[in-house]
Amino acid sequence: MLTLGAAGFAVAPYVLFDPGQSRVSLNASFNLHYPLLLVHIFASLFALLVGWLQFLPGLRTGRPYVHRMVGRFYLGFVAIGSATGLVVGMYTSSYNRQMAFLILVALWGITGWKGYWTARQKRFEAHGVWMTRNYAVTLVAASARIVTPICILIYLAGHRDMPFQGVEPILKQVLEVNIWVGLVVNVVIAEWMIGNRYRKPLKKPEHDL
């Protein structure tokens, strides 16, 4: 519910296709900036909305053809979101956010390709690992917004001796790092889940009696 709420908040300014409502500063010299931004945002949203279905055990085992169809739709949205994200990321005004965006998109594309390729090779355990990592990257757009209030509190705690000058200057600072924080949190959780699911039980050493 938190993820859907955060995703809805992120997409809301773009549902009317009004460039004036964009939260991203648009480059006037690049006419395709806003259309590509829209494609990236909605492809990412659809990936987020359908991606979780591929992790339902009943769907994988009971209806594998539906699982494959969902996976293809999902990876299609990831491919579109990654390709448009690379272009949109290059026009991000802040260098820090630009690098975060480009690294995020690169990880999204790489993990998506690995997930697809391991499925084609019928290495299904590896496929599950890479798709878990890929969906963790998909969720960064939402988790970055979920951690924003926490980042604000940390900022206020670290700058409590400074005079309060309003929310906007604080938010400007926080938005420089919230993507990084969201990415780190998601990667840590994903790797913990992978470790718990795929960790092999250790054999007890045999001793001569």
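Values reported hereafter were calculated over all heavy atoms of this structure, with side chains retained and with hydrogens, waters and symmetry mates removed.
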Stepwise, does the ring-ring contact (aromatic ring centres under 6.0 Å, His included) test hold for His40 with Tyr14?
CA-CA 11 Å; His40 170 73; Tyr14 303 97; over 10 Å; no

Tell me the closest heavy-atom pair linking Gly85 and Phe101, and the distance in Å.
O-CE2, 3.2 Å

Criterion side-chain contact (heavy atoms from CB on, under 4.5 Å) on Ser82 and Val105, from CA distance to verdict
CA-CA 5 Å; Ser82 299; Val105 168; 4.1 Å; yes

On a heavy-atom basis, the closest approach of Val181 and Cys151 is CG2-SG, 4.1 Å

Distance from Leu59 atom CG to Met69 atom CE, nearest 0.5 Å?
8.5 Å

Do Leu37 and Ile80 belong together in a cluster built from hydrophobic side chains that touch within less than 4.5 Å?
no

Any non-hydrogen side-chain atom of Tyr65 less than 4.5 Å from a side-chain atom of Arg63?
yes

Walk me through whether Glu191 and Val187 qualify under side-chain contact (heavy atoms from CB on, under 4.5 Å).
CA-CA 6 Å; Glu191 293 302 323; Val187 167; 4.2 Å; yes

Pair Lys172-Glu168, side-chain contact (heavy atoms from CB on, under 4.5 Å): steps then yes or no
CA-CA 6 Å; Lys172 184 178 180 180; Glu168 188 172 345; 5.7 Å; no

Can we call the ring centroids of Tyr116 and Trp113 under 6.0 Å apart?
yes

So Phe42 and Phe46, would you call those rings parallel, tilted or perpendicular, with 30° and 60° as cut-offs?
tilted

Verify, without hydrogens or angle tests, whether Thr111 (side chain) and Trp108 (backbone) share a donor-acceptor contact under 3.5 angstrom.
yes

Tell me whether Phe9 shares a hydrophobic cluster with Leu45, the cluster being built from Ile, Leu, Val, Met, Phe, Trp, Tyr side chains joined at under 4.5 Å.
no

Give a yes or no answer on whether the side chain of Thr92 reaches the backbone of Ser94 with a donor-acceptor pair at less than 3.5 Å.
no

Is it the case that atom CG in Asp18 sees more than 12 heavy atoms from other parts of the structure closer than 6.0 Å?
yes

Under 3.5 Å donor-acceptor, Thr138 side chain and Asn134 backbone:
yes

Taking CZ in Phe73 as the centre, count heavy atoms belonging to other residues, nucleotides or ligands within less than 6.0 Å. Is the count above 12?
no

Judged by atom type as modelled, is there a donor-acceptor pair below 3.5 Å linking the side chain of Thr118 to the main-chain atoms of Gly115?
yes

Evaluate the side-chain proximity of Val24 to Tyr91: yes if any heavy-atom separation is below 4.5 Å, no if none is.
no

Main-chain N/O of Arg123 paired to His127 side chain as donor or acceptor, under 3.5 Å:
no

Please confirm whether the backbone N or O of Val137 pairs with a side-chain atom of Asn186, one donor and one acceptor, at under 3.5 Å?
no

Mark yes or no for whether Arg145, through its side chain, and Ala141, through its backbone, hold a donor-acceptor pair below 3.5 Å.
yes

Counting N and O atoms only, with roles assigned by atom type, does the side chain of Gln54 sit under 3.5 Å from a partner on the main chain of Gly51, one being a donor and the other an acceptor?
yes

When you measure from the centre of the six-membered ring of Trp117, is the NZ or CZ of Arg120 under 6.0 Å away and within 45° of the axis?
no

Between Asn178 (side chain only) and Val147 (backbone N and O only), is there a donor and an acceptor less than 3.5 Å apart?
no

If I compare all heavy atoms of Val129 with all of Ile194, which pair ends up nearest, and what's the gap?
O-CD1, 3.7 Å

Quick one: closest heavy-atom pair of Leu36 and Phe30, and the distance?
CD1-CZ, 3.9 Å

Is it true that Trp130 and Val50 fall in one hydrophobic cluster, defined by side-chain heavy atoms closer than 4.5 Å?
no

Decide side-chain contact (heavy atoms from CB on, under 4.5 Å) for Ile179 and Arg97; before the verdict, give the C-alpha distance in whole Å, the side-chain angles of both, and the deciding distance to 0.1 Å.
CA-CA 8 Å; Ile179 295 178; Arg97 289 179 66 80; 3.8 Å; yes

Cation-pi between Arg68 and Phe124: NZ/CZ under 6.0 Å from ring centre and within 45° of the ring axis?
no

Considering all heavy atoms of both residues, which atom of Leu48 and which atom of Ala142 are nearest to each other, and what is their separation?
CD1-CB, 4.2 Å

Write down the atom of Arg23, the atom of Ala10, and the distance for their closest heavy-atom approach.
NH1-O, 3.5 Å

Donor-acceptor check, side chain of Asn196 to backbone of Trp192, threshold 3.5 angstrom: yes or no?
yes

Same cluster for Leu49 and Val15 if Ile/Leu/Val/Met/Phe/Trp/Tyr side chains link at under 4.5 Å?
yes

ILVMFWY cluster, Leu171 and Ile150 together (side-chain gap under 4.5 Å)
no

